[in-house]
Amino acid sequence: MLRLDGITKIFGGLTALEAVSLEVKKGSITGVIGPNGAGKTTLFNIVTGLYTQTSGEVYLAEKNISRLATESLAALGLVRTFQNVELFGQMTVLENVMVGLHTKSRSGVISCAFKLPRQIKEEKYIKEKALNWLEFTGLTAEAGNTANNLPFGKGRLLEIARTMAAEPQLILMDEPAAGLNDMETAQMAGLIYKIWESGITVVLVEHNMDLVMDICDSIIVLNLGKKLAEGTPREIQENPAVIAAYLGEG
Amino acid sequence: MLKKMLGLVVSMMVVGLMAGSSFAAPPIKIGALFSVSGPASFLGEPERNTAEMMVDEINKAGGIKGRKLELIVYDTQADATKAVQAANKLIKDDKVVAIIGPSTTGDTMAIIPVVEKAEIPLVSCAAGIKITDPVKKWVFKTAQNDALAVARIFDYLKKQKIAKIAILTVSDGFGSSGREQLVAQAGKFGIQIISDETYGPKDTDMTAQLTKIRSGGAQAVVCWGTNPGPAVVARNVQQLGIKLPLYMSHGVSSLKFIDLAGPAAEGIILPSGRVVVANHLPKNDPQKKALLNYVDNYKKHYKVEGDHFGGHAYDAIMLIKGAIERGGDSPAAIRDQLEKTSKFAGIGGTFSYSSQDHAGLTSDAFVLVQIKNKGWTLLK
Amino acid sequence: MDNSPQLFQYVLSGLSNGAIYALIGFGFAIIYNATGIINFAQGEFVMLGGMLTLFFLVFLSFPLIPAIVLAILISTVIGIAFERLAIRPLKNATPLSMVIITIGASILIRGIAMLIWGKDTHAVPAFSGNDPLYIAGATILPQHIWIFAITLLIIAANKIFFNYSIVGKAMRACAYNSQAASLVGINVKTMVLLSFVISSAIGSMAGIIIAPLTMTSFDVGIMLGLKGFCAVIIGGMSSGLGTIMGGLLLGLLESLGAGYISASYKDAIAFIILLLILFVRPEGLFKQKETERV
Amino acid sequence: MLQLFLKNGLVAKTTMTKEKREIIIFLIFTLAVLITPFFLRGSYFLNVLVFIGINTMLAVALNLLLGYAGQISLGHAAFFGLGAYVSGVLTTRFGLDPWLALVIAAAVSGVLAFIIGFPILKLKGHYLAMATLGFGIIMFIIFNETVAVTGGPSGLSGIPNIQISSLIFDNDWSNYYLIWTITLLVMLLSINLSQSRIGRALRAIADSEVAARVMGVNARLLKVQIFTVSAVISAMAGSLYAHTMTFISPASFGFNFSIELVTMVIIGGLGSIYGSFLGAAILTILPEFLRILQDFDIIVYGLMLIIMTMYLPGGLISGLEQIAGFIGSKIKSRGGSHA
């Protein structure tokens, strides 16, 4: 589904990622773990086109997406969430999800301004779909609220509803459980599982090891910008290099 | 609505009061548009002051045929949109019989269609030649045309046998109108413009332009602008050690310029209305009485020197006063009588309007003055 | 004809204007680096410096030095009041609201100055006479020497302050990362206030030393502020050599442009340079490309 | 399942009424605009309303950019001026029909905005503010200095009125209906746009550009598009202004007017089309009331900008909405207790 080939990223002399190659299988839940500063978020930013890598290539379903702009990836089925939850704070919860359907609609400035028939039909479709995704994430009751007024946990759910609305093939989740309490984390795990069940490949960066070991079927470990290990949760738990890296950090 | 009712009540009370007094006749309403604030406030402020002072004066002396004048002043901020709005308000709400001002050519051009349509006489205080050329039925003006000032300077230059000049004009309405006239009239006087430079109204350093002028081989420099630019030019000329004679426009014929330019002002020659040299005028000068009267009065009221900008408003008020005295207070009568004005000796000059001439002045309206010892001397 | 004295005069005039732009640009850079705000009211402090000096010097007949000191003090107090009343109370400050507030403040300060001192332009006496000095066929005024000297002095003082004093270092830390700075016990709010103090003092100083050349009125701050901003953009928002170079370059290009191309478009030249730099090298001409951030 | 259906239905219903409410508000507004002149026959205030119409168009145009897309422009007077000058020059010097001139003016302005939009809108926050300000000043200098074309600082006069066969729009009454027809159209289209996927995408950009791009919103292109739309509307307003005034001069299109436009949008309410009308109306009428204050008006403007930004960032319209909402909830709660 997703393949990285020798990704290197250098920030003004500092090497954040060094020749990282990895592959995410279609229909898997893959966890990316590693100590702080290992380059996990940088990796996500490169895949989603927010950073340009110094060298290396990124392939999405065998299509080279290394040089594509961020905004063109959603249409190809690649979306992500953010560590700090990037909502459209001034908009309502429903509208947030409706933005998620941006790539599923096509009306331009002119047809929107003049409310051409096609646009009205499209608008109806967008609203219906968006409501479905709110239902999927259990946010229906919040539809009319302003996103900024949501509690943090529901904000995370909304972000997921929004990404789901784009009907992706692959979701990258940046620490989906950060800042959540145990109950919310369990709910999140259930939701991720539900997403995976619907046939979507999931990659997540996460510090909560219980969550990662619980739901991932494959794990990649980064340390100091390099790929340290790769394997099933069990293999990783027993890998001495990984244990050393984590202990070293502590 | 409430405001209107309140207004009604107040005006009824006023009418009631008036009925008991000897002043039965309502006042004659005159509108005034001046750029009291904004970039042309140096024009609008003395004009407003003068107009208010003159109307007070006239009313104190019993008004016009027993009727008081009422002056309604609005600020245009030298903004064409505001000028048009204010002109409409004067005409439709305040129902004035005549309008004086606006202060700038731009504002005047903007409201000309309004007054022409409403058929209200306008006596503009702006200098642009476009205002009365071609003649518009309802539009007159008191400020001397730039053309006259240019002619006065060129005439003098010709006598001095100066044939090559450099001009340095400000890029605002005043400067560009002056530049147009300088370029247009040069040929007539056998004068060649060697360098043609401009500067911005807010510029604070003109050494680049002057350096260029210096190397161009001109025999004199003519600078056209209003304060403070020309003062910077004068100082820069001194700084650069340029020995060419410097001529300025009537835009700086105020003590303010001498104050700003300091020692650099010495020796500069410029055309000016007679107001700055009122004391030096010969006894038989027809304007002398009006000038001295105005200068004293203004100083008494506002503690500063009156200048010829204020004079434009003085002339406008007095011209309208004369017209009303002769023909009554309907807009049409005022217009007709204005056009018949003959040999009115005001501040800006001696006015004689006709159906072909709504500017009313000849080049005689300007005298040439030279700055000497921080004051003005009359140049023959 | 020998054109070299002419060229030299352009260069000299350009450099002396450039020094002024640099000094004004400095004020922008100090606040920007401490707070990320571009203070659109910066030009008004330049105006205040000139007008206050004039007020004490001419209307109250103070001697020069006390007049200058008082002018700087009062401008600084106004700078403090501005920060305390309009900047600090603002909750969730977006760049948009900061732009609007500083524009509002600049209109307000200008308006009050107009009410107090009127709309007239005033001449301010030069520090040491008006006799031009001749340098290789070109001339400058003694006041220009003052401008160069004081600009140099202020830059040197800044360099020392920011690089060697504890407070200066703390301010730099805030600029770099205010969260981290507050974690190590630096009072970020005080540092922001301090940046307003320094920048309003420098702004008013700039206004004071140029007033004898340019004269002063309530509305001189707008254009001077914008030019200072152009200088600081060319210099890449640095509060050091970059802005000096930016100011001098801007002054030079303006003067040469007015001399050899067209004086009418002198101001346009400044803003075209501004746009080009923002389009092509927003990090400024004299700065290495920064690491990208998201 | 039934529960889900009910919930969906409920939400759909409330949003439906919101749309209906929107339509009713617009109809009431239109009606008010249409009948107002009959109460103002012969009054000068009709003339003020003409200018309020023009300013509303400008404020709406700027609001699309500033209030929806969150992109500041301190140089919007330039597009207003460009529209006025293109129209003015084409009709006075080349004898073009004002309608044709209006279309060309809008097109020229749109093309210019599209071209400079790409580099300018790459900038953010303060830098964008300065770049647009610089652009505005450059355009002003061009209006001012190309004397041979524009007439320079002393202005361009003799611009013809707009004409439809024998109907000449040369008085306040006819100009009022001409300008307000177009203003209402601009408002309607802007409301439509703001409630569509484009409007949502714009607001998304304003809130978080990165997240919007991740969701597939081509932020760069969309910003340029809305900048272009905004410039086209502004130029139309400029053209109408020129043909109404019949005289234009550069002073009307300078930095001060750009700031005045921003003030209109801020005071009225960012992201509210009716707010733009409110802001435009207040700033056009305000000088009337500030006349008593004479020179103090500049201080009032400055204070207004600061106080509004600090204490009512949603603008006056949000204040009004809060009051309306409060009254509405009172009425509702009363009605509820009866039921």
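Chain naming here is simple, since letters A, B, ... match the order of the sequence lines and numbering starts at 1 in each. Here the structure is a predicted model, which means the values were calculated and not measured.
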Mind checking the [atom1]-[atom2] spacing from [X] to [Y]? Nearest 0.5 Å is all I need.
X       : Y       : atom1 : atom2 : result
M245(D) : M109(B) : CE    : CE    : 12.0 Å
T198(B) : N144(D) : OG1   : CG    : 9.5 Å
K130(B) : S154(D) : NZ    : OG    : 4.0 Å
K89(B)  : N47(D)  : NZ    : CG    : 11.0 Å
D107(B) : S249(D) : CG    : OG    : 7.5 Å
N256(D) : Q77(B)  : CG    : CD    : 9.0 Å

For [X] versus [Y], what's the shortest heavy-atom pair and its separation?
X       : Y       : result
G173(B) : P153(D) : N-CB, 3.2 Å
A110(B) : F247(D) : CB-CD2, 3.3 Å
A78(B)  : A251(D) : O-CB, 4.1 Å

- Message: Below 4.5 Å, heavy-atom pairs only: which of V114(B), D79(B), V84(B) has the largest tally toward chain D?
- Response: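 Maximum pair count with chain D is reached by V84(B).
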- Message: If you count heavy-atom pairs within less than 4.5 Å of chain B, which of D172(D), I141(D), T284(D) leads?
- Response: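 Most pairs with chain B among the choices: D172(D).
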- What part of S171(B) gets closer than 4.5 Å to chain D, counting heavy atoms only: side chain, backbone, both or neither?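 The answer is both parts of S171(B).
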What part of [X] is in contact with chain B, defined as an atom under 4.5 angstrom from a non-hydrogen atom: side chain, backbone, both or neither?
X       : answer
T244(D) : neither
D170(D) : both
Y241(D) : side chain

- Passing option when Y44(D) is tested against D94(B), D93(B), L90(B) for side chain to side chain contact (heavy atoms under 4.5 Å, CB included):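 That would be D93(B).
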- With the side chain counted from C-beta on, respond yes when K92(B) and L46(D) share a heavy-atom pair under 4.5 Å apart, and no when they do not.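 A side-chain contact is absent here, since even the closest heavy-atom pair is not under 4.5 Å.
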